[in-house]
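Below: one structure, written as structure tokens.
Side-chain atoms are counted along with the backbone in the values below, which use heavy atoms only and exclude waters and symmetry mates. We're numbering straight along the sequence, starting at 1.
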Amino acid sequence: MNISLGCDHAGFQLKSAVAAHLQSLGCEVTDHGCHSSDAVDFPDIARLVCQSVLSGEAERGIMVCGTGVGASIAANKIPGIRAAVCHDYHSAHQSVEHDDVNVMCIGAQIVGAWLAKDLITSFVQATFSTEEQFRRRVEKLAVLEREAVQYVKP
């Protein structure tokens, strides 16, 4: 599996452990930065990670920031991306199985390297359910996304 990986400065320390674990699982990793602990704006990195997923260069993305929340907000602004903050094993796999999440966001200030590895394994090994109820709900998410334009004020 190809994974698009990105972080902001708060996630920089954890990103190397994330990349190494992904590689140990047999994943190919495209690292979109950041590449130091110097301050960077997470929306810029989220854009790169999500573009990689949407273009098909990567099957899924992982963002690491301080809490995972900012990265999730940024990623979810991009049509076609379903991002979730996952800080527990169950959410990491169920978000894919039930909601077809394609970008997982984790908080380096919330989880340590050992838990991040468990989350990543769970996320990478999960597959979207073939059950009609989950497929129907994800299609409704896509409809909400397409219709959202009408709610934007000029």
Path from [X] to [Y] over hydrophobic side-chain contacts below 4.5 Å:
X      : Y      : result
Ile3   : Leu14  : yes
Val18  : Val96  : yes
Met1   : Ile106 : yes
Leu25  : Val29  : yes
Val124 : Val111 : yes

Margin query: Can a side-chain donor-acceptor contact be found between His21 and Thr121 if the only test is distance below 3.5 angstrom?
Written below: yes
Using modelled atom types and a 3.5 Å cut-off, is there a donor and acceptor pairing between side-chain atoms of [X] and backbone atoms of [Y]?
X      : Y      : answer
Asp8   : Asp44  : no
Ser122 : Tyr89  : yes
Ser52  : Leu48  : no
His9   : Val40  : yes
Ser4   : Gly61  : no
His87  : Leu119 : no
Glu145 : Gly80  : yes
Asp31  : Gly33  : yes

Minimum heavy-atom distance [X]-[Y], with the two atoms named:
X      : Y      : answer
Phe128 : Phe134 : CZ-O, 3.8 Å
Val101 : Val103 : CG1-O, 3.2 Å
Gly68  : Val85  : O-CG2, 3.4 Å
Ala126 : Arg60  : O-NH2, 2.7 Å
Gly70  : Cys65  : N-SG, 4.3 Å
Ile62  : Phe123 : CG1-CE2, 4.0 Å

Next item on the list: Could you walk me through whether Gln94 and Asp99 pass side chain to side chain contact (heavy atoms under 4.5 Å, CB included), step by step?
Entry: CA-CA 7 Å; Gln94 187 173 329; Asp99 305 310; 5.7 Å; no
Check: Quick one: do Arg135 and Asp100 make a salt bridge, cutoff under 4.0 Å?
Finding: no
Checklist line | Electrostatic pair Arg137:Glu97 at N-O distance under 4.0 angstrom | finding: no
Return the [atom1] to [atom2] distance between [X] and [Y], rounded to the nearest 0.5 Å.
X      : Y     : atom1 : atom2 : value
Arg82  : Cys50 : CZ    : SG    : 11.0 Å
Cys7   : Gln13 : SG    : CD    : 9.5 Å
Leu115 : Cys86 : CG    : SG    : 10.5 Å
Asn2   : Glu59 : CG    : CD    : 5.5 Å
Asp41  : Arg47 : CG    : CZ    : 11.5 Å

Check: Can you find a heavy atom in the side chain of Lys77 that is under 4.5 Å from one in the side chain of Ile73?
Finding: yes
Next item on the list: Could you check Glu57 against Thr30 for side chain to side chain contact (heavy atoms under 4.5 Å, CB included), going step by step and ending with a plain yes or no?
Entry: CA-CA 9 Å; Glu57 176 188 339; Thr30 302; 3.2 Å; yes
Note to self: side chain to side chain contact (heavy atoms under 4.5 Å, CB included) for Ile78 and Leu54? Distances and angles first, verdict last.
What the structure shows: CA-CA 9 Å; Ile78 300 172; Leu54 293 174; 3.5 Å; yes
Next item on the list: Before giving the answer on side chain to side chain contact (heavy atoms under 4.5 Å, CB included), spell out for His35 and Lys15 the whole-Å C-alpha distance, their side-chain angles and the decisive distance to 0.1 Å.
Entry: CA-CA 9 Å; His35 301 290; Lys15 185 182 71 158; 3.9 Å; yes
